[in-house]
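Structure first, then comments.
In listed order, ligands and their atoms are each counted from 1.
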Amino acid sequence: MRSRRRFLSELGAGGGALLAAPALAQSLVDLRFPGGPSTRPMTSAFPQKGAMILQRARPPLLETPMEVFDGSVFTPNDRFFVRWHWADIPTSIDVARYRIAVRGHVGRPLSVSLDELLRMPRVELAAVNQCSGNSRGLFQPRVPGAQWRHGAMGNAKWLGVSLRHLLDLAGVRPGATTVRFGALDQPLVPEAPDFAKSLALDHARDGEVMIAFQMNGEQLPLLNGFPVRLVVPGWYSTYWMKMLNDIEVLDHPDDGYWMAKAYKIPDTPNANVSPETKDFPSVPINRMVPRSWITSWSDEARLAFAPRLAMGGIAMGGDSGVARVDLSADGGRTWQPARLGPDEGRYGFRRFDADVRMPGPGTVTLMSRCTNGAGVTQPMAPNWNPGGFMRGCVETTTITLS
Ligand SMILES: Nc1nc2c(c(=O)[nH]1)N[C@H]1C(S)=C(S)[C@@H](COP(=O)(O)O)O[C@H]1N2
Ligand SMILES: [Mo]
């Protein structure tokens, strides 16, 4: 735990280089998307960030390289992915003046300072922050939007104050249904819709949704929402409002652009529709689904043949934990269970490992398949929707043994 003094003294660090152009690319990485250019520069030019895949410079979209996930189930803060919608992002924060408003359909509107927040009772949990469009670049047919491979996700131990605590202090009035969140970032043009997201009141009051001021034992990097962000365990990161400064209780649904138009998924199993379907009922994206990735070997690796190969990776259960992970080395014909690493709670990553029998020299298709605590198993077939949201199928890693 950092003392309050430390917390305050480091504030605003690192914002200065934010608007500077990234340094000339040192190297390129190939994200191996089907049919289309898929190389990206690596960059280390962003404040408080190490080597990241540069998806876009302004506003910054930085993807975590896959090998980072092999090192630990907790993603280091300096390798944690970054995504912003609008380019007007504060480059430093005056922590003495920072306030979080709690207003709207409440008995006592609040203006909470960081000092006050740091003195409130705390909650801590591990949770995966995953962009709704993570792995979008693998959609076929291709869809518009950030062309991420699998690195628009990260797992951290989040420390903060439960949103319920703040709402209870403000006294939510009867008739309230919804809580809307706003932040310091702004669109560059006034016509564009300011980023805002909301949760149903019962969800907002579940005691786990939190206003986090630390990730992995450190203050948040500026690009990950310093000084505070919302953490919505088990739900896609579109709800995880960074630089949160506004909490508004509503007595009606949020019909703003970011809830009513954007981030909508087909109201079908796995948010799946055929590309020909034009009209379908849709709902705001919500809970995450189980996923898993082999991280011990990269796609297209060439290795010496041995009868058994050590395979490992990370899995997530969505909102209900990892119950089991099975591995295949024959394209999904046969499966064998993996050993699971320590359980860090139902919202985090979980390590898996196994020695798997190899069919023989040649090209081998490796797969991992997670079953979550609710009994949901990753499907073999990819889903498709026009937003490129909620990919959850079994992923493949192709290696050559000789
Ligand atoms: N204030 C603010 N919060 C935001 C966003 C944003 O544009 N502005 N983007 C959301 C989306 S879509 C994602 S994927 C996550 C990314 O979190 P990260 O940058 O910490 O990885 O932030 C979420 N919170
Ligand atoms: Mo996102």
message: If the condition is salt bridge (charged side-chain N to carboxylate O under 4.0 Å, His left out), which residues does Arg339 pass it with, not counting sequence neighbours?
response: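 Counting only residues at least two positions away or on another chain, Arg339 forms no salt bridge (charged side-chain N to carboxylate O under 4.0 Å, His left out).
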- prompt: Under 3.5 Å, is there a donor-acceptor pair between the side chain of Trp384 and the main chain of Pro141?
  reply: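 Judged by distance alone, yes, a pair lies under 3.5 Å.
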- prompt: Ignoring hydrogens and geometry, is there a side-chain-to-backbone donor-acceptor pair from Gln48 to Pro221 under 3.5 Å?
  reply: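 A pair under 3.5 Å: no.
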- request: Identify whether the distance between the nearest side-chain nitrogen and carboxylate oxygen of Arg291 and Glu395 falls below 4.0 Å.
  value: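 Between Glu395 and Arg291 there is a salt bridge, with a charged N closer than 4.0 Å to a carboxylate O.
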field: Residues Lys49, Asp78: salt bridge by 4.0 Å N-O rule
entry: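 No, this pair does not count.
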Tell me, which protein residue and heavy-atom name are nearest [atom], and how many Å apart are they?
| atom | result |
| --- | --- |
| atom 10 (C) of ligand 1 | Ser237 O, 3.8 Å |
| atom 24 (N) of ligand 1 | Trp240 O, 3.1 Å |
| atom 5 (C) of ligand 1 | Phe195 CE2, 3.4 Å |
| atom 21 (O) of ligand 1 | Phe81 O, 2.6 Å |
| atom 22 (O) of ligand 1 | Arg229 NH2, 3.4 Å |
| atom 19 (O) of ligand 1 | Lys242 NZ, 2.4 Å |

field: Trp258-Phe195 aromatic ring centre distance below 6.0 Å
entry: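 Yes, they do, as the ring centres are separated by less than 6.0 Å.
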- prompt: Side chain, backbone, both or neither: which part of Asp185 comes within less than 4.0 Å of ligand 1 when only heavy atoms are counted?
  reply: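 Side chain only; the backbone of Asp185 stays clear of ligand 1.
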- prompt: Given that the side chain starts at C-beta and the backbone is N, CA, C, O, which of these parts of Met243 lies under 4.0 Å from ligand 1, counting heavy atoms, or is it both or neither?
  reply: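 Neither part.
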message: So for ligand 1, is Trp86 a polar contact partner (N or O within less than 3.5 Å, distance only)?
response: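 Among all N and O atoms of Trp86, none is under 3.5 Å from an N or O of ligand 1.
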query: Looking at side-chain heavy atoms only, is the closest gap between Val68 and Pro76 below 4.5 Å?
result: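 Result yes, sub-4.5 Å side-chain heavy-atom pair found.
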field: Partners meeting ring-ring contact (aromatic ring centres under 6.0 Å, His included) with Phe74 (sequence neighbours left out)
entry: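 ring-ring contact (aromatic ring centres under 6.0 Å, His included) check on Phe74 returns nothing, list empty.
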Considering only heavy atoms of [X], which atoms of ligand 1 have at least one such atom less than 4.0 Å away?
| X | value |
| --- | --- |
| Met241 | 1 (N), 2 (C), 3 (N), 24 (N) |
| Tyr263 | 12 (S) |
| Ala183 | 1 (N) |
| Trp84 | 1 (N), 2 (C), 7 (O), 8 (N) |
| Asn129 | 17 (O), 18 (P), 20 (O), 21 (O) |
| Cys131 | 14 (S) |

message: Just to verify, which of Trp235, Tyr347, Trp158 counts as forming a ring-ring contact (aromatic ring centres under 6.0 Å, His included) with Trp240?
response: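 Only one option passes, and that is Trp158.
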task: Could you walk me through whether Trp293 and Phe69 pass ring pair (Phe, Tyr, Trp, His ring centres under 6.0 Å), step by step?
output: CA-CA 9 Å; Trp293 299 266; Phe69 301 113; 7.4 Å; no
